[in-house]
J.: 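Could you have a look at this structure, given as structure tokens, before my questions?
Letters A, B, ... mirror the listed sequences (proteins, then strands); counts begin at 1. Values below: every heavy atom of this structure, side chains too, minus hydrogens, waters and symmetry copies. The shown structure was predicted, so the numbers you read here are calculated from the model rather than taken from an experiment.
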Amino acid sequence: MKKTFLAVFTAIVALYGSENADIFTKYEGTLRIAGGTAHIPTMKAVAKEIEKSNPRIKVAIAGGGSGVGIKKVGEGLVDIGNAGRAVTDKEKSRYGLVPFKWAIDAIAVAVNPSNPVSNLEREKVIDIFAGRIKNWKEVGGKDAPIDIYTRDSASGTRKVFWKKMLSKGEITPSANFVNSNGAMKRAIANDPNAIGFVSAGFLDDSVKGISVDGIYPDKKHILSGEYGCKRGLYSITKGQPEGLKKAFIDYMLSPHVQHDIVAKKGFIPVR
Amino acid sequence: MIKVSNLSYGYGRKYLVRDLNATFRRGEITAITGRSGIGKSTFLKSINRLHEVERSDFFREGRIEIETSTLSGDVSSIEPHILRRSVGYIFQSPIPLPMSVEKNVSFAMDVAGCTREGAVRDALQSAHLWAEVKDRLDEDASRLSLGQQQRLAIARVLVMESEIILFDEPTSSLDPNSTRMIEELMVELSKEKTILLVSHDMEQIGRVADDVIALEEVSSNIR
Amino acid sequence: MSGDRLLLHISRVVVVAITAIYLSILFHIIIKGIDAIVSLGVSDITPAIWGSLTLVLLSVTMAIPLGVSSAIYMELYGSPKIVEIFDISFEILASIPSIVIGLFGFATLIALHRYIPSFRASLLLASISLCILVLPYIVKATRLGFSETPSDHKAVAYSLGATKEDVLFRIMLPSARGQIKKGIFLAIARSAEDTAVIMLTGAVASYGFVDGLLSPFEALPFYIYYTSAVYSDPGELLSIYEAALILICLSAIFIRLSSGISRGGAK
Amino acid sequence: MRSFLTLSAIVTASIVVGIALFLLYFSLPLLEGSGLEKTIVGGGDGDLSYGVLPALVGTLWISLLSTLFALFISLFTSMGLESLSGKRYTRFVESFYEILSSIPTVVYAFLGIVLLLPHMRALFGGSGMSILSASIVLSLVISPTMILYFRESFSTVPREYRVVVYSLGGDEGSYIRRVLLPFRAKSLKVGTIMGFARASGDTMVSLMLAGNSLEIPISPLDGARTLTTHIALLFAEDFDSAEFRSIFVAGLILMSVTISIIVSIRKMGAKDVG
């Protein structure tokens, strides 16, 4: 396994002879990216490097959610769509979409750092999001009502979380809706009684990820499969990518980006 | 020349004047008198059809024919703006347009699209205003004195070289001195033109008019 | 009588309280905003500032000829019936929630994109949508200016042989200039502050400097909206105040200008 | 020249019709047959169902509550200013309210997040995002315009009325309560309706402060989404989905509200809506 990885590394390094953004020198123009919001910090960092090495390239990054990314790239409204879930066969065949997975990410149940709760049974998580458990003291916290935060239907994070963590259980409609991973993190950081779900890459000292059934969503547990609520982060093109789009996708998969950006942003590189 | 035959007019369903017959000749000043509200201004405005832009309920029966070197026929058969270029009108108050002295005088030429060299100067000279304003042509016209403004209004009309000029109580807002200047001007202009003067002032009429028409009360005024 | 006095006292207390609330809000922004400008400089939000300026310039430039000529048309050729229909439709347009106008822009985009693939959410689309948003202000101001033209001036012009067109272009339009300017300043203030329209038609969180009509763009109000939902450190939070202060200054200047003209210009 | 004028007039005047037609075109498939019920109350086959009913109720809650607050604020403020009128600082105070009316809505909403939400959280618990929070901030947004409108209508009341009231032994309070307010009742109504129109059409304050939840709100402390935020949250959805199309229904409802407000103001005889 390790050998194959190494082989790919060497192949890529040999192909481009460089690990940084120099490969973009022969392109110019605007690259429009939209969709999954878990992707945004990584994409922004990559865009900064590209624009620095070649000011004639501009990268516009918008959120919207995975559904939006898939739909927009399919309709040709953007060049690259981002999704935090797999593209369905229906979507693939309808638009001729080609997805590239460039990271593995877990979706963590997240609370405010001041919350003493740091582990929940999966059943309790399901009950909390369904609105059946309403107070933190019922799960070992302080006596305070639970504020639930969720995302809209375009969110891939929500879709994966709903399927793999909640086993397709209901999320109470009285939950507050936010529209990106970034906004979820900000909302939970502001609200001591909050619970929500967020891409593991967004966990830091302002939002606390908690263990489910004793398993914390870190690299070890994700790779071993013990933490099941995980997904790939994809970038999608309509048809096989070429030109600037191809260069961008290749760059996302290059060892430099995989190790110096993707991994640093808290995701698990695929190469 | 203006020939009015069987003219009746009024607003809405009410007659102001019925069956008026008159002829106004070149070289004469004809004064129009009558009690206030009887429709003296309306009579003047019905000649150059200015009432049409002011009130929509105006009606007229009978004929108003004009004859100048460029136009002849009933006024209703002539395009209003062409008609008005041949029939000058001086209002009660001078009403300078919000522009420079020069632009005020050249306004009629500008809208007619025919600018003549020296026309502004000629008109101001004929209106006896040139000496006072020749260095103030770019000033806003509202900065002239009231008397000067009224002579400006006359210059503004003279530039059209119209052969008919209608004066609607032109001196009612002026001091005696300015009044005298306007009266002299009218007499001077009447040598070449047909002039109608609406006035209350019997002394003034005595001083300048060659003929007088008094508008009379209508007996049955409902249409 | 005592009821009357009580009412008076309550209202004076409310005046003081409300004024105090607004003042403290204003001071809060000004102090934090100045703090931000001093400690951060403006480099982070410069693209958004330029984006907003370009957007305002484009949308108002489009709205002026359209709005003024519509008002001229109504004045010159409109029958009373047509004028009334136009009046009502502009009144409705002026009161439609801006998000609905943004939605209209977005729906137009979806419809047009099928045929013109290069037409996407962009500066152009957002400017056109904002132009629709501010158009009624220009029409209304121009018509107000026309209606305020002294009727004496019109009568004199007619008596000198002017046609309806002459009167409009030589007398009414110059006299409406003050009101039109007022309408333009109001339109500038409105298009600078609107968030809902540009959010649906092409504003993005990060793009850099405006570089083309068909490109996405950054803008101050969208920056405030987006960043206040996702900021992750105190510096980013402070930069929101910076954007807010600049945006307030922009709007306040133009609102002041628009009302200043109306007070001084009405003769 | 004439054809250019005609063209631009037709273009500008038909925009309204164009907007209405677009909204109808996109929302018609949803309004036909059994789609109507689904559109209104929700109940799709997905894991989330979108009806516009919660948004409609949310809009009513937030715009009514904020108009109520704003009416209180602006009525008392303009009465207070009236009683102080003639004093040197009233002119200053008026330009102050003019500047307040120019502050962008998104800035008010941002200030709501940083200044109001922590207090709401401390007072009532929960996330702080609620109908109440949005309404408070929204009332601050619409009050300056209402105050300016009321002030303007007060300023045209003949000065003699005050003199008569004083000569009959009344004071400022009796003048305001017994003469000014009844005399200007229509302006007060129109100003309030205009405030309501602005409140119901606002997006940013509700989007950033009301929590956007999907449940039909029962108390002012519940979260809610409004018709406007429904559009803002879902415009980028899958173009063929029922959720996406429901935003056009929301747009249609908003437009009908606008039209009925205009009609009612016109019926009251006040032409000036701005």
Side-chain angles (χ1 to χ4, degrees), chain B residues 41 44-45 47-56 71 78-100 103-114 123 140-142 149 152-162 164-168, chain C residues 68-69 71-87 141-183 260-267:
Chain B
S41 300
L44 293 192
K45 285 177 182 165
I47 297 174
N48 73 346
R49 295 175 63 184
L50 201 57
H51 54 77
E52 288 174 13
V53 299
E54 292 179 344
R55 285 182 70 165
S56 56
L71 278 177
I78 305 168
E79 278 278 309
H81 62 274
I82 303 288
L83 172 71
R84 289 177 199 136
R85 282 169 201 168
S86 292
V87 181
Y89 195 103
I90 305 296
F91 293 78
Q92 248 175 7
S93 55
I95 318 178
L97 292 175
M99 43 186 89
S100 70
K103 285 275 173 220
N104 260 277
V105 179
S106 68
F107 185 88
M109 290 192 298
D110 294 342
V111 298
C114 57
D140 197 280
S142 60
Q149 287 182 10
L152 179 74
I154 294 175
R156 203 160 59 180
V157 163
L158 290 179
V159 87
M160 301 193 290
E161 300 184 318
S162 45
I164 301 169
I165 302 181
L166 316 173
F167 286 86
D168 185 358
Chain C
V68 172
S69 38
I72 292 177
Y73 174 84
M74 289 163 82
E75 193 66 39
L76 274 185
Y77 311 117
S79 66
K81 194 79 213 159
I82 297 255
V83 169
E84 201 193 342
I85 292 172
F86 275 33
D87 261 340
T142 312
R143 287 190 41 78
L144 184 64
F146 285 167
S147 73
E148 285 176 1
T149 309
S151 57
D152 280 358
H153 292 171
K154 287 192 265 182
V156 167
Y158 278 119
S159 81
L160 293 172
T163 57
K164 232 176 155 184
E165 284 84 356
D166 291 325
V167 172
L168 196 127
F169 287 107
R170 289 168 194 274
I171 306 290
M172 296 171 79
L173 211 51
S175 119
R177 220 163 29 201
Q179 287 294 354
I180 296 177
K181 260 190 211 158
K182 177 185 168 179
I261 281 177
S262 79
R263 279 194 189 126
K267 287 175 208 161

J.: At under 4.5 Å between heavy atoms, what parts of residues 73-83 of chain C are in contact with chain B? List them by residue number.
T.: none
J.: Tell me the closest heavy-atom pair linking Arg85(B) and Leu160(C), and the distance in Å.
T.: CG-O, 4.1 Å
J.: Could you tell me which residues satisfy side chain to side chain donor-acceptor pair (under 3.5 Å) with Ser86(B), sequence neighbours excluded, listed by chain and number?
T.: none
J.: Looking at residues at least two apart in the chain, or sitting in another chain, which of them share a side chain to side chain donor-acceptor pair (under 3.5 Å) with Glu52(B)?
T.: Arg49(B)
J.: Applying salt bridge (charged side-chain N to carboxylate O under 4.0 Å, His left out), which residue pairs with at least one partner in residues 161-172 of chain C are found, sequence neighbours left out?
T.: Asp166(C)-Arg170(C)
J.: Pick out which of Asp168(B), Ile90(B), Val157(B), Leu50(B) makes a side chain to side chain contact (heavy atoms under 4.5 Å, CB included) with Ser159(C).
T.: Leu50(B)
J.: Report the C-alpha separation of Thr163(C) and Arg84(B) in whole Å, then their side-chain angles, then the decisive distance to 0.1 Å, and conclude whether the side-chain contact (heavy atoms from CB on, under 4.5 Å) test is met.
T.: CA-CA 10 Å; Thr163(C) 57; Arg84(B) 289 177 199 136; over 6 Å; no
J.: What part of Val87(B) gets closer than 4.5 Å to chain C, counting heavy atoms only: side chain, backbone, both or neither?
T.: backbone
J.: Measuring heavy-atom distances to chain C, does Pro96(B) have an atom under 4.5 Å in its side chain, in its backbone, in both, or in neither?
T.: backbone
J.: Quick one: CD1 on Ile95(B) to OG on Ser151(C), what's the gap to the nearest 0.5 Å?
T.: 8.0 Å
